[in-house]
Amino acid sequence: MVNKSKNNLVTLEEYIIQAQNRFPGATGELSQLLRDIGLAAKIISREVNKAGITNILGFEGSTNIHGEAVKKLDIFADGQLISALERSLITCMVISEENDGVVKLGARNGKYIVYLDPLDGSSNIDVNVSIGSIFSIYMREARFDQTLRDDDALQPGVKQVAAGYVLYGSSTTLCYTTGLGVSMFTLDPSIGEFILSDRQIKLPEHGSIYSINEGSYNSWPLGLKKYIKYCQEEDAETNRPYSARYIGSMVADIHRTLIKGGIFIYPHSKRYPSGKLRLMYECNPLSFIIEQAGGMATNGKERIMEIQPEAIHQQTPIYIGSKENVTTVMEFLEEYQEASV
Ligand code: AHM
Ligand code: MG
């Protein structure tokens with residue numbers, strides 16, 4: 001981490017402008033979009049921190065596209081992020097976990113399409129465990145004189161122009177990439193600013209932590225069962241047994257993986273035949289971050305960011321983290337492929 005003296009602090013706003021100035025032809029629109037997300041994140045962070053005293057915990061009463069009970073903070077976060085994007089007139093459409101269809105904004109000629117998971121890890125909201133927001137930004141590819149179509153949003157993850165997350169944990173952290181490495185910021189609540197804490201995060205090539213919901217063990221693919229047993233075996237040379245850590249908020253589990261290395265897995269299972277996590281607003285943006293930090297992300301067969309999406313809410317299995325760990329689990333999956341569910 002960069003250790004800065006107090007008079008050498010760089011705020012998110014300053015950092016974004018400095019980055020933009022390195023590209024003389026830049027219009028400043030992407031910078032504006034990132035600043036808008038930063039502002040919404042501060043408002044969400046404030047609300048998350050006082051959730052217990054403002055009657056915003058609990059269920060809102062409806063269910064979302066996935067049939068899950070919608071919580072009030074999810075709705076609040078969704079509203080804050082969408083209105084921040086609406087205000088700056090740069091984004092033509094938003095796809096959010098909390099909305100069944102594409103949300104077309106007033107700026108029909110806006111250059112950007114934004115995917116959001118406004119509040120990820122919602123089962124952790126009521127129990128004061130870390131949650132997060134995730135964003136993924138694409139350039140609209142169709143010509144601007146053509147009508148905006150829902151399909152304009154179906155681009156593979158390799159086309160993301162920026163992505164990131166905000167983790168509401170013991171502190172609030174914002175991490176983003178525009179494809180030139182990963183930068184990390186920490187919110188200083190006393191001045192209401194995100195302060196740069198690391199310009200270029202790199203995750204270890206190999207980590208000693210595995211992260212998976214072991215409750216579903218019985219319905220995992222055989223190769224995965226064998227890999228987790230391998231993680232638990234003793235071998236001093238490869239630092240095994242590994243430690244198990246699972247928070248149940250993908251943002252928090254990926255944040256730990258980014259810093260400490262290791263692997264996070266959400267496989268397909270009998271309960272979730274296509275995996276649980278959503279390709280467009282969970283897996284692609286977090287894969288972009290992890291790859292930019294030197295890691296890997298796959299669905300077991302294919303690089304996550306190369307999957308051609310067919311639907312905005314589609315799900316995928318994911319194996320993501322340090323290169324060595326992901327490569328090893330893929331070898332296990334390959335070896336036991338025939339015998340798998
Ligand atoms: P959510 O977007 O409804 O919160 O669901 C996604 C979350 C991820 O953050 C987390 O990795 C996963 O669901 C946990 O699922 P499970 O409880 O099945 O382990
Ligand atoms: Mg989510």
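Below, each value reflects all heavy atoms present in this structure, side chains not excepted, and no hydrogens, waters or symmetry copies. Just follow the structure's listing: the first ligand is 1, and inside any ligand the first atom is 1.
- No side-chain donor-acceptor contact under 3.5 Å links Ser287 to the backbone of Met305.
- The closest approach between Gly248 and ligand 1 falls below 4.0 Å for a heavy atom of the residue.
- Residue Met250 has at least one heavy-atom neighbour below 4.0 Å for each of these atoms of ligand 1: 8 (C), 9 (O), 10 (C), 11 (O).
- Close approach of ligand 1 to Arg278 (heavy-atom distance below 4.0 Å) involves ligand atoms 2 (O), 5 (O), 6 (C).
- The atom of Glu282 nearest to the Mg ion (ligand 2) is OE2, with the search restricted to N, O or S atoms.
- Note that the CD atom of Glu306 and the OG1 atom of Thr298 stand 10.0 Å from one another [nearest 0.5 Å].
- Here OH of Tyr115 is found 6.0 Å from CD1 of Ile312. Values are rounded to the nearest 0.5 Å.
- A side chain to side chain contact (heavy atoms under 4.5 Å, CB included) with Arg35 holds for exactly one of Ile17, Leu12, Leu30; it is Ile17.
- At a heavy-atom cutoff of 4.0 Å, ligand 1 is contacted by no atom of Asp253, backbone or side chain.
- In terms of polar-atom proximity, defined here as any N/O pair under 3.5 Å, Asp120 does make such a contact with ligand 1.
- Judged by distance alone, the side chain of Asn284 and the main-chain N or O of Met280 form no donor-acceptor pair under 3.5 Å.
- Near Tyr266, the atoms of ligand 1 lying under 4.0 angstrom from a non-hydrogen atom of the residue are 15 (O), 16 (P), 18 (O), 19 (O).
- Residue contacts with ligand 1 leave out Asn124, since none of its heavy atoms falls under 4.0 Å from the ligand.
- Close contacts between ligand 1 and Glu282 involve ligand atoms 2 (O), 6 (C) [criterion: under 4.0 Å to a heavy atom].
- Which parts of ligand 1 touch Phe264 is read off a 4.0 Å heavy-atom cut-off, strictly below it: atoms 11 (O).
- Around the NZ atom of Lys301, the shell of radius 6.0 Å holds no more than 12 heavy atoms that belong to other residues, nucleotides or ligands.
- The shortest N or O to N or O distance between Ser123 and ligand 1 is not under 3.5 Å.
- Short contacts between ligand 1 and Asn213, defined as distances under 4.0 Å to a heavy atom of the residue, involve ligand atoms 16 (P), 18 (O), 19 (O).
- Residue Glu97 approaches ligand 1 through these ligand atoms, each under 4.0 Å from one of its heavy atoms: 1 (P), 2 (O), 3 (O).
- The minimum distance between the Mg ion (ligand 2) and any N, O or S atom of Asp120 involves atom OD1.
- Side-chain atoms of Ser269 and Arg271 include no donor-acceptor pair closer than 3.5 Å.
- With hydrogens and angles left out, the side-chain atoms of Tyr210 and Gln232 include a donor and acceptor closer than 3.5 Å.
- Rounding to the nearest 10°, we obtain 70° for the angle at the Mg ion (ligand 2) between Glu97 OE1 and Asp117 OD2.
- The N/O atoms of Tyr272, backbone and side chain alike, include none that comes under 3.5 Å of an N/O atom in ligand 1.
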Compile the donor-acceptor pairs under 3.5 Å between side chains in residues 178-188 and protein atoms, sequence neighbours left out, one pair per line.
residue, atom, partner, partner atom, Å
Ser183, OG, Tyr15, OH, 2.7
Ser183, OG, Arg199, O, 3.2
Thr186, OG1, Ser197, OG, 3.3
Asp188, OD1, Ser190, N, 2.9
Asp188, OD1, Ser190, OG, 2.6

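- By the 3.5 Å distance cut-off applied to N or O atoms, Leu119 is not counted among the residues near ligand 1.
- Ion pairing between Lys159 and Glu141 holds under the 4.0 Å rule for side-chain N and carboxylate O.
- Heavy-atom contacts of Asp117 reach the following atoms of ligand 1: 2 (O) (cutoff under 4.0 Å).
- Taking distance alone, with nitrogen or oxygen atoms compared against 3.5 Å, Gly121 approaches ligand 1 more closely than that limit.
- For the residue pair Ser274/Gln315, the side-chain donor-acceptor check at 3.5 Å is not satisfied.
- Atom NZ of Lys225 has more than 12 heavy atoms from other residues, nucleotides or ligands within 6.0 Å.
- An N or O contact shorter than 3.5 Å is missing between Ser249 and ligand 1 by distance.
- Contacts with ligand 1 closer than 4.0 Å are made by side-chain heavy atoms of Leu277 only, the backbone lying farther away.
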Go through Glu331 and Thr327 one step at a time and tell me if the side chain to side chain donor-acceptor pair (under 3.5 Å) criterion holds.
-> CA-CA 6 Å; Glu331 286 164 7; Thr327 307; over 6 Å; no

